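Read the structure below first, then the notes.
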Amino acid sequence: MDFTTNIINWYSEHKRDLPWRKTTNPYYIWLSEIILQQTQVKQGLPYYQAFVDTFPTIFDLAKSDEQGVLKLWQGLGYYSRARNLHYTAKYVANELDGKFPDTYNDIIKLKGIGDYTASAIASIAFGEVAAVVDGNVYRVLSRFFGIETPINSTKGIKEFKALATELIDKKRPAEFNQAIMEFGAQQCKPKNPYCIVCPLQSACVAFQKNKISELPVKLKKTKVRHRYFNYLVIIDKLKNIIVEQRKGKGIWQNLYQFPLIETEKSLSIEAFEEVAEKHRLLKNVDYDLSLYNETDVVHKLSHQHLHTKFWIISTDQPYKNAISIKELKAYPVPTLISEFISKFKF
């Protein structure tokens, strides 16, 4: 069976109508690839459209401030992608006069771009023979060829890249790369793939050996870390509130949140009061305290579970840097905070 031809033929009949497939503009290809990392198409599509509408050229994106970029990105998660996107836009606009690098070797040097994204841009925008390997490609290749090497091992990464490079259509690299990714997303899905009507079924090792659910093989994930967040929703007599910007290299860098007390475990009201009275914003302040959520809100990130309480603190104490609710809505915040803001009646 000719794997490559079958994949491309399938794609010509079944590909979805997506805006980034109608262009070879490297800026738009790059935007779509960064947005779709760790993100499904149906979720990423409105974000792509919003970025294209707001920043139609790389110069427009470069001229924006980081806060505006993070706000537009809000809800997509993995915010380092947005910060790197903005950094690279400024670099290309200012240092390269807006000309996007046109080879894999130059593209991969850009901040926030790895092997997969560089291969996608080089092949789709510039026709370079550079094979992509993403989650969809790993799944299709491991099942069809019956490869049990863990896809997140050093050996597996090299093995699958070499195989994809061997299979790529040298005359139609862009079409092949998009075809194999689409095949994995639509046909050879993680769960309940459409094996009955699969054009590769007769030669698929996983299908023949009944190993569909076992492939691809992945090394065990990093142990999940549990953290306990206590947000101080301080509301003063003018109905203004306090937010702070997260600094450092941890989660949600440069996004805004309510003042935070992180503890070793979930706190009762009595235990929280003991901790809160020592906080710099609450020392010698009279306030009324209530708990918004009796049960912790558990916000799950890839390697962390955040057990969260929102403590409502009402006071007549004026705060110099407090902002209005209307102003708050313009600030980029994590999804956890955004969902609270949308539900809470200030």
Side-chain angles (χ1 to χ4, degrees), residues 11 18-39 41 44-45 47-48 51-52 54-64 66 69 72-73 76 78-138 141 151-152 154 156-182 184-185:
Y11 179 67
L18 299 170
W20 48 84
R21 289 185 177 154
K22 299 173 181 176
T23 180
T24 55
N25 183 325
Y27 170 60
Y28 293 143
I29 303 297
W30 169 57
L31 261 183
S32 70
E33 292 299 341
I34 299 299
I35 287 171
L36 292 176
Q37 289 171 9
Q38 310 290 334
T39 304
V41 167
L45 184 55
Y47 283 90
Y48 171 82
F51 267 85
V52 169
T54 308
F55 310 119
T57 71
I58 202 164
F59 293 104
D60 297 307
L61 179 55
K63 282 187 286 189
S64 173
E66 186 181 84
V69 175
L72 204 57
W73 193 272
L76 264 183
Y78 298 93
Y79 288 89
S80 60
R81 292 183 292 167
R83 291 191 296 273
N84 290 338
L85 188 79
H86 190 223
Y87 178 95
T88 295
K90 290 190 289 184
Y91 174 77
V92 172
N94 300 327
E95 303 299 323
L96 304 180
D97 297 323
K99 186 178 184 300
F100 209 93
D102 58 5
T103 66
Y104 170 91
N105 288 336
D106 287 333
I107 294 168
I108 202 168
K109 294 174 185 174
L110 299 173
K111 190 170 184 178
I113 291 183
D115 172 73
Y116 161 72
T117 307
S119 299
I121 297 169
S123 62
I124 298 169
F126 302 109
E128 185 174 344
V129 180
V132 297
V133 184
D134 71 346
N136 292 312
V137 176
Y138 278 123
L141 296 181
I151 62 173
N152 54 344
T154 302
I157 291 168
K158 290 179 180 176
E159 184 176 346
F160 282 96
K161 179 70 175 182
L163 180 56
T165 300
E166 184 184 325
L167 293 168
I168 191 171
D169 189 310
K170 307 299 187 289
K171 294 180 180 178
R172 297 179 289 176
E175 197 170 357
F176 174 80
N177 278 341
Q178 292 179 92
I180 193 169
M181 289 191 287
E182 184 78 336

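Because the structure is predicted, anything quoted here is derived from the model rather than measured.
Residues F55 and L31 form no side-chain contact, since every pair of their non-hydrogen atoms from C-beta on lies 4.5 Å or further apart. The side-chain heavy atoms of I157 and Y138, taken from C-beta on, include a pair separated by under 4.5 Å. Considering only heavy atoms from C-beta on, I180 stays 4.5 Å or farther from N136 through its side chain. Between L110 and F100, the closest side-chain pair of non-hydrogen atoms falls below 4.5 Å. Looking at I151 and F160, their side chains come closer than 4.5 Å, going by heavy atoms from C-beta outward. Between V41 and W20, some side-chain heavy-atom pair lies under the 4.5 Å cut-off. A 4.5 Å side-chain heavy-atom check between I108 and P101 finds every atom pair outside the cut-off. A 4.5 Å side-chain heavy-atom check between I121 and I113 finds at least one atom pair inside the cut-off.
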Next item on the list: Begin with the C-alpha distance, continue with both residues' side-chain angles, and end with the deciding distance and a verdict on side-chain contact (heavy atoms from CB on, under 4.5 Å) for I34 and T117.
Entry: CA-CA 8 Å; I34 299 299; T117 307; 4.1 Å; yes
Next item on the list: Evaluate the side-chain contact (heavy atoms from CB on, under 4.5 Å) criterion for residues Y47 and L72: first the C-alpha distance (whole Å), next the side-chain angles of each, then the deciding distance (0.1 Å), finally the verdict.
Entry: CA-CA 8 Å; Y47 283 90; L72 204 57; over 6 Å; no
Margin query: Between I107 and E128, is the side-chain contact (heavy atoms from CB on, under 4.5 Å) condition met? List the steps.
Written below: CA-CA 12 Å; I107 294 168; E128 185 174 344; 5.9 Å; no
Check: Under the side-chain contact (heavy atoms from CB on, under 4.5 Å) criterion, do Y91 and L96 qualify, and how do the steps go?
Finding: CA-CA 7 Å; Y91 174 77; L96 304 180; 3.8 Å; yes
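Rounding to the nearest 0.5 Å places CZ of F126 at 8.5 Å from OG1 of T103. With values rounded to the nearest 0.5 angstrom, S123 atom OG is found 6.0 Å from I168 atom CD1. For the atom pair K111 NZ and Y87 OH, the distance stands at 5.5 Å (nearest 0.5 Å). Rounding to the nearest 0.5 angstrom, the gap separating the CG atom in L36 from the CE atom in M181 is 9.0 Å. Atom CG of L167 and atom CZ of F176 lie 5.0 Å apart (nearest 0.5 Å). Note: L141 CG to K161 NZ = 11.5 Å, rounded to the nearest 0.5 Å.
The stretch residues 21-31 participates, sequence neighbours left out, in these side chain to side chain donor-acceptor pair (under 3.5 Å) pairs: Y11-R21, D17-K22, R21-E182.
Listed here is the closest heavy atom pair of A164 and V133: CB-CG2, 3.8 Å. Shown here for A130 and N177, the closest heavy-atom pair between the two residues is O-ND2, 2.8 Å. Taking every heavy atom of both residues into account, G44 and T39 meet most closely at N-CG2, 3.7 Å. A62 approaches K90 most closely through the heavy-atom pair O-CG, 3.5 Å.
Around the NZ atom of K170, the shell of radius 6.0 Å holds more than 12 heavy atoms that belong to other residues, nucleotides or ligands.
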